[in-house]
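I have placed the structure first, in the form of structure tokens, so that the comments after it can refer back to it.
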Number of protein chains: 2
Amino acid sequence: MALADPVRRDLLRRLAAGPARVADLAAPHPISRPAISKHLRILTEVGLTAAQDHGRERHYRLLPGGLAPIADLIDELSPRPPFAESALDGLDLEVRRTVREHVGEQTPRTSPHATEETA
Amino acid sequence: MALADPVRRDLLRRLAAGPARVADLAAPHPISRPAISKHLRILTEVGLTAAQDHGRERHYRLLPGGLAPIADLIDELSPRPPFAESALDGLDLEVRRTVREHVGEQTPRTSPHATEETA
DNA sequence: AACATTAGTAACCGATAAGTTACCAATCTT
DNA sequence: AAGATTGGTAACTTATCGGTTACTAATGTT
């Protein structure tokens, strides 16, 4: 994903404040200009930015539409209206939990990763 | 970023429909179960999911709050109300463009990446 | 008690990604 | 026209990532 890289996110934030030349975009970053160039290419390829040449400089700007796919994903992952099924699953879990509770047990296993709750 | 991987996005979509066991989460994917385990660890580390043990099975569920950071980013990148500065930059670009227009020029350079507009 | 099932860890491998330096092209400046 | 500025490409290096197989632990089943 294009948003995966912190440098790229930074570039986008900068561009959210308006178009900018490559040199200006690169300035705040400790990495080489070719590296910035690559990031800009990636952002452009996925439709998040676009460029316009003005003589020897190139102005990049944000294409807000490019965010749509991610926006879609996040609300696809927000079980807002129809959390009916979800609620049922939760009920199911609750039932099983309650049942096991009455037999008495602990759950160690091989130090599982961040199991937080061991209901 | 955790959302960078398609498998992970799939797991999240599945979990959006309610909690699930690891085996069920792994089933639709052609990759090995340890690979799924890794993905689940990553998702859990960034706070997108959580797990509960039920005997020998482990139920993962979505933690909707985990999406906040990305949600924040996307609307941070949406120059909605204060696009005043942006508008000014655009104007500036337009001015320079217009000026150059009257001198006559083409812009080839070394086959730049997806320059689209060469105003 | 023996076996099957569920799931995590360890160690390793190949591909990808992000960075570097060196170089070139085009445009502006003087 | 010479030199400086701007920005992209090429080739390479290294670190990270996603995957694999082999193994182990714990729980459930018969």
Side-chain angles (χ1 to χ4, degrees), chain A residues 1-11 19-27 29-46 49 51-60 96-97 99-100 103-116 118-119, chain B residues 1-11 19-27 29-46 49-60 96-97 99-101 103-116 118-119:
Chain A
M1 187 187 282
L3 296 184
D5 190 280
V7 175
R8 241 128 55 199
R9 286 193 295 266
D10 250 44
L11 291 173
R21 308 179 311 139
V22 173
D24 295 339
L25 290 168
H29 295 95
I31 66 179
S32 71
R33 206 202 63 276
I36 298 288
S37 236
K38 270 195 200 173
H39 285 302
L40 289 172
R41 175 171 56 210
I42 290 171
L43 290 173
T44 301
E45 278 171 358
V46 302
T49 59
Q52 279 176 276
D53 285 348
H54 290 273
R56 70 180 160 185
E57 25 189 79
R58 179 167 296 183
H59 296 248
Y60 280 89
R96 305 177 63 159
R97 188 188 69 75
V99 170
R100 301 191 73 261
V103 196
E105 75 293 276
Q106 299 88 315
T107 314
R109 209 195 286 267
T110 62
S111 109
H113 57 64
T115 307
E116 71 156 37
T118 311
Chain B
M1 187 187 282
L3 297 184
D5 190 279
V7 174
R8 241 127 56 197
R9 287 194 295 267
D10 249 45
L11 291 172
R21 308 178 311 139
V22 174
D24 294 340
L25 290 168
H29 296 94
I31 66 180
S32 70
R33 207 197 63 303
I36 298 288
S37 237
K38 271 195 198 173
H39 285 302
L40 290 171
R41 174 170 57 211
I42 291 170
L43 290 174
T44 300
E45 277 170 0
V46 301
T49 60
Q52 280 176 276
D53 284 350
H54 289 272
R56 71 180 160 185
E57 28 189 75
R58 177 168 297 183
H59 295 247
Y60 279 89
R96 306 178 63 160
R97 188 189 69 75
V99 170
R100 300 193 74 263
E101 209 94 299
V103 195
E105 76 291 277
Q106 300 90 311
T107 314
R109 210 194 286 268
T110 61
S111 110
H113 57 64
T115 307
E116 72 157 33
T118 311

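Below, chains carry the letters A, B, ... as their sequence lines are ordered, and counting in each starts from 1. Scope of the values below: all heavy atoms of this structure, side chains included, with no hydrogens, waters or symmetry mates. What you are looking at is a predicted structure, and each value in this text was computed from that prediction instead of being measured.
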Not counting sequence neighbours, which residues clear side chain to side chain contact (heavy atoms under 4.5 Å, CB included) with [X]? List them please.
X       : answer
A:Leu3  : A:Met1, A:Leu12, A:Leu48, A:Ile70, B:Met1, B:Leu73
A:Arg33 : A:Val22, A:Ala26
A:Ala35 : A:Ile31, A:Ser32

So, OP1 or OP2 of [N]: does either fall under 4.0 Å of a side-chain N or O from [X]?
X       : N     : answer
B:Arg56 : C:dA4 : no
A:Arg58 : D:dG8 : yes
A:Arg41 : D:dT9 : yes
B:Tyr60 : C:dT6 : no

Separation of [N] [atom2] from [X] [atom1] (nearest whole Å):
X       : N      : atom1 : atom2 : value
A:Glu57 : D:dT5  : CD    : C1'   : 10 Å
A:Leu43 : D:dG7  : CG    : P     : 16 Å
A:Gln52 : D:dG7  : CD    : C1'   : 16 Å
A:Asp10 : C:dA18 : CG    : P     : 14 Å
A:Ile36 : D:dT9  : CD1   : P     : 15 Å
A:Asp53 : C:dA25 : CG    : C1'   : 12 Å
A:Leu11 : D:dG7  : CG    : P     : 13 Å

*asked:* According to side-chain hydrogen bond (donor to acceptor under 3.5 Å, both in side chains), who are the partners of B:Arg8, at least two apart in sequence or on a separate chain?
replied: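 Testing B:Arg8 for side-chain hydrogen bond (donor to acceptor under 3.5 Å, both in side chains), a comparison that skips the adjacent residues, returns B:His39.
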
*What stems, by residue range, does DNA chain C take part in, given at least 3 consecutive Watson-Crick or G-U pairs under 3.5 Å?*
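If one scans DNA chain C for consecutive Watson-Crick or G-U pairs, the stems found are C:1-30 with D:1-30.
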
_Main-chain N/O of B:Arg21 paired to B:Arg58 side chain as donor or acceptor, under 3.5 Å_ =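 Looks like no, no N/O pair under 3.5 Å.
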
*Is it true that a side-chain atom of B:Asp53 and a backbone atom of B:Gly55 form a donor plus acceptor pair closer than 3.5 Å?*
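Looks like no, no N/O pair under 3.5 Å.
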
*asked:* Within this structure, what is the CD1-NZ distance for the pair B:Ile36 and B:Lys38, rounded to the nearest 0.5 Å?
replied: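 The distance works out to 12.0 Å.
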
*asked:* Strictly under 4.0 angstrom, non-hydrogen atoms only: write out the protein contact profile of nucleotides 16-23 of chain D, one letter per nucleotide from the 5' end, B, S or -.
replied: --SBBBB-

*Could you check if a side-chain atom of B:Tyr60 sits within less than 4.5 angstrom of a side-chain atom of B:Thr44, using non-hydrogen atoms only?*
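Yes - at least one pair of side-chain heavy atoms lies under 4.5 Å apart.
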
_Side chain of B:Ser37 - closest among C:dG8, D:dT9, C:dT27_ =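 Of all the options, the side chain of B:Ser37 is nearest to C:dG8.
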
*Using side-chain contact (heavy atoms from CB on, under 4.5 Å) as the criterion, point out the one residue from A:Leu40, A:Ile42, A:Thr49 that pairs with A:Leu11.*
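Passing option: A:Leu40.
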
